[in-house]
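The basis for the numbers below is simple: all heavy atoms, side chains too, and nothing from hydrogens, waters or symmetry mates.
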Amino acid sequence: MAAVGVAGAGYVGLTTAACLAALGHDVVCTEVDESKVARLSRGEVELAERELAPLVRDGLAAGRLRFTADVSALDGREFVFACVPTPTGPDGSADLSAVEAVLAALRPAPHTVLVVKSTVPVGTCARIAGTAGIAVVSNPEFLREGHAVHDFRHPDRIVLGGDPPVVERVATLYAGLDAPVVRTGHASAELGKYASNAFLALKLSYVNLLARLCERTGADIDAVTRTMSLDERIGPHFLHPGPGWGGSCLPKDTRALVASAAAAGVDLTVLRSAIEANDRQYDHVVARVREAAGGRLAGVRIGVFGLAFKAGTSDLRDSPALAVAGRLADAGAVLTGYDPGVGGGDQAGPVQRVDDPVLAAKGARVLVVLTEWPEFTRLDWSQLAAVAEGDVVVDTRGVLDPAALRGSGLRCVRLGHPA
């Protein structure tokens, strides 16, 4: 059993703390928000993560997990995990102020290893190791929101970057997990995380552009992506068109990679183009909605289905749904929205939020599906059709059955298919 400290109790930090405690380690997790510390100490988890709440309660009950706002609790720990945000700065680069704050507050023992799970630009861990006099290992996270505990316990890979003896010490923390371990240097581990997220963004932008081409040529995007997915070099993942990509990782990581590459004298033109294509995708969705509304949006009521950036989470950060909603509102549309995972407050950006899908559809000329919640396939669309003003559903996620909607008296418009 190792003495572990975790700085930060967000998605990554809380999952890391709870899962390491479940692996038998003695874990203290620090968090600057004292009210969150109090809730977590009572076993109250607000994140919509499967298995996380019981895992936290089990760790508390076993005495292997505790929470505190006192950062000095990290002092002397054998391993300290930095799991703090690295948001996009004004110039597109990663803002490392939270990581620097952890480092400034840390009073390490001679044997302490700083394990950086936060996504940081290439060169960060080497710089810290060289200036702070502490052993550092880059251990980027690859956790999907809504599946974080599963991804920690069943990872595709565990990446550890640093000096080999220190890397081996950190590797022992993950004993019992069945996954390949990539042992490498700081720079390769850091870049490996950015490269992975950027590649996913590239695939998503590409398939969205293909969907537009299908709309113009009469091709079927489902048949096109099926053809692609059966090639083992391509695979089936991230080949579904949508309103754009977003969330807490892809937007900031792609911009940070472009910025760090530029600083190194490399122009990642293909990634810059993917970012620009994603921004244009929001406008494309607005154009499809405008077309469905009869050519104008000013004063038109739109029913929005889905606000979170993806199904299975309540996270609104960089949500494509809200990006599209913002552009619809700028065009004068009046928006009422429903999301089964988003509560609290009456507004979500420009959208008047309601807790009943019927209220979202009431009086709407167009209904728009912007998040791929499976719950939407089980809605009573005949009831929604009865209260809506129009008869068109723009399904940007391809989750609905057009034939079933026709039976409800609704016409389904899908990305990648002619209107």
How many angstroms lie between atom [atom1] of [X] and atom [atom2] of [Y], to the nearest 0.5 angstrom?
| X | Y | atom1 | atom2 | value |
| --- | --- | --- | --- | --- |
| L316 | S248 | CG | OG | 11.5 Å |
| T396 | L370 | OG1 | CG | 4.5 Å |
| R50 | H150 | CZ | NE2 | 9.5 Å |
| F199 | L250 | CZ | CG | 13.0 Å |
| E100 | L103 | CD | CG | 6.0 Å |
| R66 | L40 | CZ | CG | 14.0 Å |

For the [atom1] atom on [X], are there more than 12 heavy atoms of other groups (residues, nucleotides or ligands in this structure) within a distance under 6.0 Å?
| X | atom1 | value |
| --- | --- | --- |
| R226 | CZ | no |
| R42 | CZ | yes |
| D178 | CG | no |
| Y174 | OH | yes |

Close side-chain approach of [X] and [Y], heavy atoms under 4.5 Å:
| X | Y | value |
| --- | --- | --- |
| V80 | L106 | yes |
| P121 | L96 | yes |
| L143 | H147 | no |
| V392 | L410 | no |
| E145 | R317 | yes |
| E46 | K36 | no |
| V56 | E49 | no |
| V289 | V300 | no |

Side chains of [X] and [Y]: is there a donor and an acceptor less than 3.5 Å apart?
| X | Y | value |
| --- | --- | --- |
| T16 | E141 | no |
| T269 | D267 | no |
| S72 | D70 | yes |
| E215 | H284 | yes |
| R157 | S196 | yes |
| Q352 | T336 | no |

Just by modelled atom types, is the [Y] backbone N or O under 3.5 Å from a matching donor or acceptor in the [X] side chain?
| X | Y | answer |
| --- | --- | --- |
| T86 | T119 | yes |
| N139 | V159 | yes |
| H25 | L20 | no |
| S319 | L307 | yes |
| W373 | F305 | no |
| N197 | D253 | no |
| H186 | V136 | yes |
| S138 | A189 | no |
| E190 | C125 | yes |
| D395 | V399 | yes |

For this session: Going by the side chain to side chain donor-acceptor pair (under 3.5 Å) test, name the single residue among K362, R301, R365 that passes it with E389.
Result: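 Of K362, R301, R365, side chain to side chain donor-acceptor pair (under 3.5 Å) with E389 is met by R365 alone.
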
**Request:** Check step by step if salt bridge (charged side-chain N to carboxylate O under 4.0 Å, His left out) holds for D222 and R414.
**Result:** CA-CA 11 Å; D222 297 330; R414 302 174 67 196; 3.4 Å; yes

Closest approach of [X] to [Y] (non-hydrogen atoms, all atoms of both residues):
| X | Y | value |
| --- | --- | --- |
| R212 | A277 | NH2-O, 3.6 Å |
| A321 | G306 | CB-O, 3.5 Å |
| N208 | P241 | OD1-CA, 3.2 Å |
| I221 | V207 | CD1-O, 4.2 Å |
| K203 | I234 | NZ-O, 3.3 Å |
| S205 | A274 | OG-O, 2.8 Å |

If we check side chain to side chain contact (heavy atoms under 4.5 Å, CB included) with L65, which of these qualifies: V28, V27, V6?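 Running side chain to side chain contact (heavy atoms under 4.5 Å, CB included) over V28, V27, V6 with L65 returns exactly one hit, V27.
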
#### Entry: Intermediate values then yes/no, side-chain contact (heavy atoms from CB on, under 4.5 Å), L160 and V115
CA-CA 9 Å; L160 301 172; V115 185; 5.7 Å; no

* Row check, Y338 ring normal vs R353 NZ/CZ: under 6.0 Å, within 45° ->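 No.
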
**Request:** Start with the C-alpha gap between W245 and Y282, add the side-chain angles, then the distance that decides, and say whether ring pair (Phe, Tyr, Trp, His ring centres under 6.0 Å) holds.
**Result:** CA-CA 10 Å; W245 41 267; Y282 305 142; 8.5 Å; no

Report task. Apply the test salt bridge (charged side-chain N to carboxylate O under 4.0 Å, His left out) to residues R64 and D26: give CA-CA distance (whole Å), side-chain angles for both, the deciding distance (0.1 Å), then the verdict. Result -> CA-CA 5 Å; R64 291 193 301 269; D26 174 39; over 6 Å; no

Exercise for review: May I have the step-by-step check of salt bridge (charged side-chain N to carboxylate O under 4.0 Å, His left out) for E372 and R397, ending in yes or no?
Suggested key: CA-CA 6 Å; E372 72 281 19; R397 295 286 190 169; 3.5 Å; yes

- Would L367 and V394 count as a side-chain contact (heavy atoms from CB on, under 4.5 Å) if you check the C-alpha gap in whole Å, the side-chain angles of each, and the deciding distance to 0.1 Å? CA-CA 6 Å; L367 308 180; V394 179; over 6 Å; no

Given side-chain contact (heavy atoms from CB on, under 4.5 Å), test T254 with Y194 step by step and report yes or no. CA-CA 7 Å; T254 51; Y194 278 113; over 6 Å; no

Can you list the steps and then say if F79 with V170 is a side-chain contact (heavy atoms from CB on, under 4.5 Å)? CA-CA 8 Å; F79 302 94; V170 176; 4.0 Å; yes

